[in-house]
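Labels below follow one simple rule: chain letters A, B, ... track the order of the sequence lines, proteins then strands, and each chain is numbered from 1.
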Amino acid sequence: MKRRTLLRRIVIYGAALLLAIFWFGPFVLVAIGSVIPEANLFTFPPKWFADPPFLGNYKYIFTGEIPQTYLQRGAMRSMISEEVRWIPYSMFNSFIAAVTVMFIVLVLGSLASYAYARLRFPGRKGTFLFVLLSRLIPTVALAVPYYAIVQSLGLLNTRWALIGIYTVLTLPFAVLVLTLYFKSIPREIDEAARVEGATPLQNLWYITLPLSLPSLVGAGLFTFMLAYSEFLLALLITNTRIARTLPVTLGSISTNPDVSWGLLMASIMIGSIPTMLLVYPVWRFMVRGLTTGAGR
Amino acid sequence: MQERTTARRRTESKAAPPPTPSRRRAVDWSGLLLVAPAVLLVSAFTLYPFAHALYTSTQLSSPLVEARFVGLQNYGDVITSPYFLTAARTTALFTAVAVPVLVVLGVLVAVLLNEPFFGNGFLRAGMLLPWAIPASAAGVIWQWVFLDDSGALNVSLYSLGVIDDYISWLTTPELARMAVVIVFIWTQLPLVSILLLAALQAVPDDLYDAAAVDGASTFGRFRHVTLPGIRPMLVIVTVYEILVALATFDLTYSLTGGGPGTATTLLTYFIWSETFNRLNFGHGAALAVVIALVSLVAIFVILRALPEEALLGEDR
């Protein structure tokens, strides 16, 4: 039964290739689009690879130096907007908000998860389900109330508003992951410490957390990514350059008629770098744990 | 998987004497204290906004006029509005097409990734990328792929000689809808595949061996061993993705802007434009409540579909 026929291999590699093209193809196209001069991009029939790669778009985003192609006169002049230069600062905003949210969520999440995994108290099941299911209400349904709350607190266009809301939006997921992981640690260790008189907090800090590093890293990074990518509420709450996050800036320049495609592609490449860097650790610590440890 | 675990636990507890059950059962009030910050925060940011939406939905509310109570008139207005009906129909169609295709593809990809082949690890790790990048970026990336004049797809197809002239992917209603479904699948397939792969790997090997001994074909084993084994996860994934599809916003916002016309205006986008373009907060809130209620029904279905004790395990 275990014999691998040639046909079987062809099917497997063919499917894997199709999948790889579907998943990674668009990224390759964006990378290509970001280094092709605008004039070659929009000609019919296409001549994408007629000229050597052009890095002016990247240079402009970081230094503000307007590339030669944008200074030409006449119909072939490309459009340019100062807004794309917001990208680095928007990334910084997203990053600050996401890191802060990550730490708050890990602290509150591990406290709650320890209780859910180890302690018996009234309302354990009810509050657990409530926390998990709260996330299933579509964000757009709560967007206006969120806006009203943030406005009445005077926190519009601040990172604080984003941090508060993202904490609530990502906490349920962290609680789920950490609770499941904490439960997988043999409770005998925990009970031995309790017999010695350790409080739940001491147990959490000295025993459970050191044993749960993979899930903490995984849940933390996952939280980071969710907060880093959130769009709808950030769009509502941050208008000014001071607090605007990366997804909002990307959304805005994509509808800005003065932004050329090359610049837009370069912005997306730069904006995706943190995500690309985080994909491997998230995979390593979380997904692999999920796919191999699911039998427990 | 569930049955096996409980069975094992049962035999364990039979083998070893239960360690002082009275103390295990003791209520630990410090638990309440530990969960309080998380639960209070989540309640405050869920219940209050929902109450706020309920209240607003009964008001004639807009920054342009004085607010006043209008009862259920907002609900009547939005539910009978032809735009609402169109958006609801589009959303239903989108969900009915995208989710089944997504789940079927997810099963296929999970089965594929469960096979050993060169590049498997790379594919598993890299596939997170489409899911992890901001959805607004995904919309823009695919806008570039689908662009009318010299988008990547048009250029590729033209270079390969498949088409003679560029196709207007995003400005033809049917094609634009198809594009939204494709991009939705692009962003969601990674998560679905991974969850199903996890379920697939939890199916005990001896079941496959037993089926093989009984002479089951590859398809027979898939049909009678794999599918029943991953059914709980299939249910969870399907319902979860229905919720995600109902809540899809960033994607249409940055890919099509709801157009051409209203061809890809989903309910979420409709709420958005009703609230922030037309500044009719009362209508927006009424729509939001309707969407939330639909989601609550879906949540209820999830709860019924989940095996008892699936999340917290037996009460210890």
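Between B:Gln143 atom CD and A:Ile268 atom CD1 the span is 8.5 Å, to the nearest 0.5 Å. In this structure, CG in B:Asn114 is found 11.0 Å from CG in B:Leu196, a value given to the nearest 0.5 Å. Here OG1 of A:Thr179 is found 11.0 Å from CZ of A:Arg118. Values are rounded to the nearest 0.5 Å.
Looking at B:Trp144, its side chain never comes within 3.5 Å of a backbone N or O of A:Gly33 through a donor-acceptor pair. With hydrogens and angles ignored, the 3.5 Å screen pairs no side-chain donor or acceptor of A:Ser272 with any backbone N or O of A:Thr275. Side chain of B:Thr268 to backbone of B:Thr248: a donor-acceptor contact under 3.5 angstrom is found.
With respect to chain B, the highest number of heavy-atom pairs below 4.5 Å among A:Phe130, A:Tyr114, A:Tyr147, A:Tyr228 belongs to A:Phe130. Heavy-atom pairs under 4.5 Å with chain A were tallied for B:Leu112, B:Ile271, B:Ile291; the largest tally goes to B:Leu112. Most heavy-atom pairs under 4.5 Å with chain B, from the set A:Tyr146, A:Phe22, A:Tyr13: that is A:Phe22. Here A:Leu236 is the residue among A:Val131, A:Val248, A:Leu236 with the most heavy-atom pairs under 4.5 Å with chain B. Per-residue counts of heavy-atom pairs under 4.5 Å with chain B were compared for A:Leu246, A:Val144, A:Leu232, A:Leu204; the largest is that of A:Leu232. In terms of non-hydrogen atom pairs under 4.5 Å with chain B, the most contact-rich of A:Leu250, A:Leu108, A:Leu142 is A:Leu142. Your options are B:Trp29, B:Phe276, B:Phe281, and the one with the most heavy-atom pairs under 4.5 Å with chain A is B:Phe276. Each of A:Gly109, A:Ser110, A:Ser134 has some count of heavy-atom pairs under 4.5 Å with chain B, and the biggest count is that of A:Ser134.
Residue A:Pro200 touches chain B through its side chain alone, counting heavy-atom pairs closer than 4.5 Å. Proximity to chain B is limited to the side chain of A:Leu201, based on heavy atoms less than 4.5 angstrom apart. With a 4.5 Å cut-off on non-hydrogen atoms, B:Ser43 touches chain A through its backbone and its side chain both. With a threshold of 4.5 angstrom between heavy atoms, A:Pro274 does not approach chain B through any atom at all. Using a 4.5 Å cut-off between heavy atoms, B:Phe117 touches chain A through backbone and side chain atoms alike. Contact annotation for B:Leu246: neither backbone nor side-chain heavy atoms come within less than 4.5 Å of a heavy atom of chain A. Interface remark: B:Leu200 contributes no atoms to any contact with chain A (heavy atom separation under 4.5 Å). The contact between B:Leu129 and chain A is made by backbone and side chain atoms together, counting heavy-atom distances below 4.5 Å. Using a 4.5 Å cut-off between heavy atoms, B:Leu189 touches chain A through backbone and side chain atoms alike. With a threshold of 4.5 angstrom between heavy atoms, B:Tyr55 does not approach chain A through any atom at all. Both the backbone and the side chain of B:Ala132 have a heavy atom closer than 4.5 Å to some heavy atom of chain A. With a threshold of 4.5 angstrom between heavy atoms, B:Val145 approaches chain A through side-chain atoms but not through N, CA, C or O. Of the two parts of B:Thr275, only the side chain, counted from C-beta on, holds a non-hydrogen atom closer than 4.5 Å to a non-hydrogen atom of chain A.
Note on ring orientation: taking the six-membered ring where Trp is involved, the planes of B:Phe249 and B:Trp272 are tilted (angle from 30° to 60°). In this pair, A:Phe173 and A:Phe222 present their aromatic rings parallel. The plane angle is below 30°, not in the 30 to 60° band.
Looking only at atom types and distance, the side chain of B:Asp250 has no donor-acceptor partner in the side chain of B:Tyr269 under 3.5 Å away. Judged purely by distance below 3.5 Å, without hydrogens or angles, the side chains of A:Tyr116 and A:Thr127 pair a donor atom with an acceptor atom.
Taking all atoms of both residues into account, the shortest heavy-atom contact from B:His283 to B:Glu274 is ND1-OE2, 3.1 Å.
Taking the six-membered ring for Trp and the full ring otherwise, B:Phe122 and A:Phe24 have centroids separated by under 6.0 Å.
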